[in-house]
Amino acid sequence: MPTRLAGVSESTKLVATDPQRLLVIDGHSMAFRAFYALPAENFSTDTGQYTNAVHGFVSMLLTMIRQQKPTHVAVAFDLDTPTFRSLEYTEYKAGRNKTPEEFHGQIALIQKVMEAMNIPSISMDGFEADDIIATLAAKGEAAGLDVLVVSGDRDAFQLITEKTLVLYPKKGISDIPPMDGDAVEAKYFVRPEEYSDLAALVGETADNLPGVPGVGPKTAAKWINLYGGLPGILENIDSIKGKVGDSLREHVEDVKRNRHLNHLLRDLELPVGFEAMTLERPNREAVEELFDALQFNTLRKRLFDLFGDDPQDAAEEVAVPEHELLKDAKTLQAWFTAHGAQLLGVHAATVGGAGGTDVVGLAFASNDATAYISLEETDEATEQALAKVLSSTSYAKAVHDVKSTYKLLKNRGLELAGIVDDTMITAYLIQPDRRSHELPDIAQQHLRISLDASDAPANGQLALDFEGPDLATPAVRAAHVVRALSQHLAGMLVERGGENLLKELEMPLSLILADMEMAGIAVDTAKLDELYDDFTSTITQATAEAFEAIGHEVNLSSPKQLQVVLFEELDLPKTKKIKTGFTTDAESLADLLVKTGHPFLVALMAYRDATKLRQTVEGLRKAVAADGRIHTTYAQTVAATGRLSSLNPNLQNIPVRSEEGRRIREVFVVGEGYETLLTADYSQIEMRIMAHLSEDEALIQAYMDGEDLHRFVGSHVFGVEPEDVSSEMRSKVKAMSYGLAYGLSSFGLSKQLKISVDEARTLMKDYFSRFGAVRDYLRAVVDQARKDGYTETIFGRRRYLPELTSDNRQLRDIAERAALNAPIQGSAADIIKRAMLGVQEGLAEAKLKSRMLLQVHDELVLEVAPGELETVEKIVRERMGAAAELKVPLDVHVGIGKSWQDAGH
DNA sequence: CGAAGCGCCTT
DNA sequence: TCAAGGCGCTTCGG
C-alpha cells in the first residue's frame with residue numbers, strides 16, 4: 001500500500017527529478033510513544049541510564065527514512081519554558097502526570113543522536129514543537145517540498161493539505177500509512193482545515209482543554225458541516241436547539257479559547273534553514289561513540305546499513321601495501337635498510353588467537369611498505385638479524401599492547417626495544433573509560449576500519465594451501481593499522497596533555513609489568529590443598545546445619561531460593577528491596593540474625609564465608625603454572641582512574657581482613673633461590689594526597705608532625721585531646737575521611753557507622769568546620785571538572801566526565817562522585833607507578849637479582865635475593881618515598897617474611 | 001552458551 | 001544514597 005510520499009518513487013535511488021521530501025518529527029511526542037511502547041527495564045546501559053525511548057525513537061526514525069526516503073529531516077522539541085499558550089491559559093496542559101523517572105535524560109540523548117546523524121533538533125523559546133512543525137510544513141510547501149509530519153498530537157491534522165501528510169502512530173511504532181485529507185474526513189467527517197474547529201468544540205483532555213459537555217466528534221462534525229465551520233456556528237449559536245445547544249451557549253468562551261490555543265503558528269522565525277535539514281550521512285565517529293555508550297548494537301548496524309556505510313565497506317578502503325616475505329637475513333636487512341627510517345608498525349602473529357602464547361610471525365609496516373617474517377623455521381643468521389632490529393633503538397616502533405608483544409618475544413628469546421608508541425595505552429590515556437582498548441575497537445572508532453579476526457581475508461593469491469591459514473595477511477594488516485593509529489592518535493594525546501604520561505610513565509611501566517608477570521609469585525601448593533580441604537569441611541558442616549535448621553535441602557548459593565526460604569517459609573522480616581525481591585546479602589543476614597537469632601542464618605553465613613574462600617583457593621590452585629608459580633596479568637588500560645587491575649587470577653583482592661582469609665596469604669611464599677619476600681606499602685596515601693591537593697594547613701601539619709592522622713582528626717572533630725580519642729571515635733573519623741574522597745553522603749555515612757543521619761550530618765559538619773579547606777577543595781574539583789569536562793591528577797592524567805552536565809540526576813551524581821575520586825585515586829596510581837619505575841631503576845643500578853612481583857594499588861611485593869635485603873629495603877624506601885613531592889611526606893611501611901602473610905601488615 | 005543479576009573479595 | 005576493580009554461581013533466554 002504505497003502512500004503518496006513513498007509511492008512517488010518505488011525505485012531505491014533518488015533521482016534529481018524526484019520531489020524533495022521533508023520529514024518533520026514531533027520529538028517529545030514520539031519519544032513518549034517509544035517510551036511506552038518498549039519496556040524500560042529491557043533497555044538500560046550499565047550506568048543505569050534508561051534508553052528505551054531513545055532506542056524506540058531512533059528505530060522509528062530509521063524506519064521512516066527507509067520507507068519514506070526523505071531528502072530533508074528535522075525534529076522539533078518543546079522546551080520547559082512557558083509558551084504563549086501557558087501564559088494565556090495557566091491551566092494549559094496542567095494535570096499531566098509527571099514524567100516517569102525512567103524517561104529522564106532520554107530527550108537529551110535523542111538530541112545527541114540527532115546531532116551525530118546531522119539532523120537538526122529545533123526548539124524555540126515561547127513556542128511549542130507543534131508551532132515549529134506547522135511553520136516547517138508551511139515553509140516547506142512554499143519551497144516546493146512534500147511534507148510528512150510525524151506526531152502523536154491530533155492538532156497536527158490541521159496541517160494536512162495536498163502536499164502535507166501526517167503520520168499519527170496509533171500505539172507504539174507500527175507500520176501505518178500517513179493520514180491525508182480523505183483519511184481525516186473518513187474518521188472525523190470534517191476536512192483537515194476544520195479539524196481545529198472540531199477539536200475546540202470537543203475539547204482535548206491531553207491539553208487540559210475542556211470542550212462543550214455533551215458534544216462529541218459526531219455532533220461537532222454535524223454542526224461544522226451544517227454551518228460551515230466554527231465561525232458559522234457562532235453566528236448561528238442561538239438557533240441551535242436542545243440540551244447541547246444550551247451547553248454550547250454556556251461554554252462558548254471555552255470553545256473560543258480552545259480554538260485560539262489549538263491554532264498552530266505557521267510563521268515563526270526558525271533558527272535553521274532547509275539546507276541544514278538536508279539528510280546527510282551520519283557523523284560516523286560520533287555515532288560510534290554514542291552507540292557504544294548507549295549499547296545500541298543492532299541499531300548501529302541498521303543505521304550504517306541504511307546509509308550504505310557498512311563497516312565492511314569502509315574496510316575495503318584501507319589500502320595495505322602488499323607485503324614482502326622476509327625469508328632470510330639478507331632480505332630482512334635489506335627491507336629495514338630501505339624502510340626502517342620511518343616509524344614502523346609492528347604486530348606479532350600468534351597461534352591460538354588473542355590468548356596465544358607463541359609468536360609464529362612478525363609483521364612490519366612502514367609508510368609505503370609492509371613485510372612479514374615467519375618465525376616457525378628461521379635459521380641462525382636470520383634470527384640474529386631479527387634480534388638486532390627488534391632490540392635496536394634506531395628503529396622506531398609502534399605496537400598495540402607492548403606488554404603482550406614484549407612477553408611473546410621474550411618467551412622466544414627476543415628482546416624488544418625502540419618502542420615509541422603503544423596505541424593501546426595511547427587510546428587509554430585519551431579515553432580512559434572506554435570499555436575496550438582492543439585494536440579492532442580502537443581502529444573502528446578512530447580510523448573507521450574493521451579489523452575483526454573473523455574477516456581475515458581468505459585471499460587466494462597468498463594462501464599457501466599446504467601450509468594452513470594465511471597468518472601473514474592479517475598480521476600485516478594489523479601492523480599497518482597500528483602505524484596509522486599511532487600517527488592519528490599522537491596529536492590527540494598531545495592535545496590532552498598525555499604525551500609525558502605515555503612516554504615517561506606508562507610505556508616504561510609496561511615492560512616492568514611484563515617482567516613481573518613473567519616472574520610470577522611462588523605458591524605452596526601443599527598448603528593450598530590443605531586450605532581447600534579445610535574450607536570444604538566447613539562448607540559440608542554448614543550445609544548440613546542449614547538443611548537441618550529448615551528441614552529440607554536448598555541451594556545455598558542461590559539468592560532466589562534463599563529468598564523463598566527466608567521470606568516465605570521462615571517469614572523473616574523483609575530486607576532491602578532489589579530487582580528480584582529482597583536482598584540476602586551479608587549485611588542483611590547479620591541484621592536478621594540479630595533480630596531473629598534463627599540458626600539457619602548462622603549456618604548460611606558460615607557457608608557463604610567458606611565458599612567464598614574456597615572459590616578463591618580453587619582459583620589460585622588452577623592458576624599455578626608449571627613453574628610452581630602464579631602469574632597474574634596486569635591490565636594497564638582498564639581502570640578509568642589510572643589504577644592497574646589484575647586478572648587471571650586477580651591477585652589484588654586476596655583476602656586479608658578475616659583470620660581465615662589471611663591463611664590464604666600464607667600460600668604465597670618466597671621462591672627457590674631467593675631469601676625472603678618484602679612488602680612495602682604507602683600508609684594512607686589517598687589521605688595524604690587529599691591533604692596535598694586541598695592544602696589544608698591542619699591536615700598538612702598533622703602529617704608533618706607524624707601524628708596518627710585519624711586520632712588527630714578525631715581530636716579536632718570531637719573537641720578532645722588526642723590521647724582521649726576513643727577507638728570508636730577514631731574509626732568514625734577514619735570512615736569519614738575515606739568516604740569523603742568518594743563523595744560520601746550523610747546518609748551513606750550513617751549507614752556505614754550505624755548511626756542516625758542527624759548524627760552523621762553533625763559529624764560531617766564538625767569535620768568540615770575544622771578542615772574547611774578539604775570541603776573547599778572537594779567543591780572546587782567538581783566545579784572545575786564541570787567547566788573543563790575532565791578531572792586531572794597531580795601528574796596530568798585526565799578523566800573525561802561528560803555526564804557532569806547531564807540532565808539525569810542519577811548520572812550526574814555518579815559523575816560528580818567520580819570527579820571527586822578520580823584525582824585522588826588517580827594521583828595515588830600515578831605515584832606508585834612512578835615508584836615502580838624508581839624501584840626498578842634502583843635495583844638495576846645496584847645490579848641486584850631481587851625483583852618486584854606484585855602491585856596492589858598502594859603496595860609492592862618484592863622477592864629478595866640472598867644478601868640483598870638491606871640494599872633492597874633501602875632502595876624501596878627511598879624510591880617510593882621520592883615518587884612525588886607533596887606538601888606532606890610519603891610514608892612507606894616495609895615488612896619482611898617468608899610468606900606474603902608474614903611480610904604483610 | 002552468553003548475558004544478567006547477585007554477592008563478595010581487595011585498595 | 002561511597003570510588004575503582006575481578007570473579008564465581010545461578011538463572012534465564014536465544
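Residue numbers start from 1 in every chain, and the chains themselves are labelled A, B, ... in the order their sequence lines are given, proteins ahead of strands.
Side chain K612(A) to base dC8(B): a donor-acceptor pair is found below 3.5 Å. Side-chain to base pairing of R657(A) with dT10(B): no donor and acceptor N or O lie closer than 3.5 Å to each other.
Side-chain atoms of R608(A) lie closest to dC8(B) of the nucleotides dC8(B), dA3(C), dT10(B). With dC7(C), dT11(B), dA3(C) as the choices, the nucleotide that has an atom nearest any side-chain atom of D858(A) turns out to be dT11(B). Minimum atom distance to the side chain of R817(A) is reached by dA3(C), of the listed dA4(C), dA3(C), dG6(C). Nearest to the side-chain atoms of D585(A) among the listed nucleotides dC8(B), dT1(C), dC9(B) stands dC8(B).
Residue T641(A) is the one, among L647(A) and T641(A), whose nearest nucleotide of DNA chain C lies closer to the 5' end (criterion: closest heavy atom).
Residue A640(A) is in sugar-phosphate contact alone, with no base atom involved, counting any heavy-atom pair closer than 4.0 Å across all strands shown. Within 4.0 Å of L749(A), counting heavy atoms only, lies no atom of the nucleic acid at all. When heavy atoms are screened at a 4.0 angstrom cut-off, A586(A) is found touching the sugar-phosphate backbone but no base atom. When heavy atoms are screened at a 4.0 angstrom cut-off, T583(A) is found touching the sugar-phosphate backbone but no base atom. At the heavy-atom level, G739(A) lies nowhere under 4.0 Å from the strands shown. Among the heavy atoms of the strands lying under 4.0 Å from I578(A) are primed sugar atoms or P, OP1, OP2 only; no base atom is included.
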Evaluate the salt bridge (Lys or Arg N to Asp or Glu O under 4.0 Å) criterion for residues R779(A) and D783(A): first the C-alpha distance (whole Å), next the side-chain angles of each, then the deciding distance (0.1 Å), finally the verdict. CA-CA 6 Å; R779(A) 282 198 189 141; D783(A) 285 347; over 6 Å; no

Could you check E660(A) against L613(A) for side-chain contact (heavy atoms from CB on, under 4.5 Å), going step by step and ending with a plain yes or no? CA-CA 8 Å; E660(A) 286 294 283; L613(A) 292 171; 3.7 Å; yes

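Here dA4(C) presents its P atom at 12 Å from CD of E686(A), a figure rounded to the nearest Å. Atom-to-atom, CD1 of I832(A) to P of dG5(C) comes out at 17 Å; the value is rounded to the nearest Å. Atoms NZ (K579(A)) and P (dC6(B)) sit 6 Å apart, rounded to a whole Å. The distance between atom CG of N648(A) and atom C1' of dC7(C), rounded to the nearest whole Å, is 10 Å. The separation between H857(A) atom NE2 and dT10(B) atom P is 12 Å, rounded to whole Å. As rounded to whole Å, 14 Å separates atom P of dG7(B) from atom CE of M605(A). In this structure, the CG atom of L562(A) is 10 Å from the P atom of dC8(B), given to the nearest Å. Computed from coordinates, the Y607(A) OH to dC9(C) C1' distance equals 9 Å when rounded to whole Å.
Partners of H692(A) according to the side chain to side chain donor-acceptor pair (under 3.5 Å) rule, which considers only residues two or more places apart in sequence or in another chain, do not exist here. Residues satisfying the side chain to side chain donor-acceptor pair (under 3.5 Å) criterion with R730(A), sequence neighbours excluded, are D708(A). Residues passing the side chain to side chain donor-acceptor pair (under 3.5 Å) test with Y742(A), sequence neighbours excluded: none. Every residue was checked against the side chain to side chain donor-acceptor pair (under 3.5 Å) condition with T762(A), not counting sequence neighbours, and none meets it.
In this structure, K403(A) pairs ionically with E517(A), as a charged nitrogen and a carboxylate oxygen lie closer than 4.0 Å. Between D534(A) and R663(A) there is a salt bridge, since at least one side-chain N of the basic residue sits less than 4.0 Å from a carboxylate O of the acidic one. Here R786(A) pairs with E816(A) in a salt bridge; the nearest charged N to carboxylate O distance falls below 4.0 Å. A salt bridge is defined here as a Lys NZ or Arg NE, NH1 or NH2 lying under 4.0 Å from an Asp or Glu carboxylate O, and R834(A) with D830(A) fails to meet this definition.
Classified by interplanar angle (parallel below 30°, tilted 30° to 60°, perpendicular above 60°), the ring pair Y767(A)/F771(A) is tilted.
Put simply, N650(A) has no side-chain N or O that comes within less than 4.0 Å of OP1 or OP2 on dG8(C). Put simply, S746(A) has no side-chain N or O that comes within less than 4.0 Å of OP1 or OP2 on dT1(C). For T580(A) and dG5(B), the shortest distance from a side-chain N or O to OP1 or OP2 is not below 4.0 Å. For the pair R799(A) and dA4(C), the criterion of a side-chain N or O lying under 4.0 Å from OP1 or OP2 is met. Between T584(A) and dG7(B) there is a side-chain N or O to OP1 or OP2 distance below 4.0 Å.
Contacts between residues 615-623 of chain A and DNA chain C, defined by a heavy-atom separation below 4.0 Å, involve Q615(A), listed by number.
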I'd like a table of atom pairs between the protein and nucleotides 10-14 of chain C - only N or O on both sides, under 3.5 Å - with the distance next to each one.
| residue | atom | partner | partner atom | Å |
| --- | --- | --- | --- | --- |
| dT10(C) | OP1 | N555(A) | ND2 | 3.0 |
| dT10(C) | O3' | S558(A) | OG | 3.2 |
| dT11(C) | OP1 | S558(A) | OG | 2.7 |
| dT11(C) | OP1 | Q561(A) | NE2 | 2.9 |
| dC12(C) | OP1 | K560(A) | NZ | 3.4 |

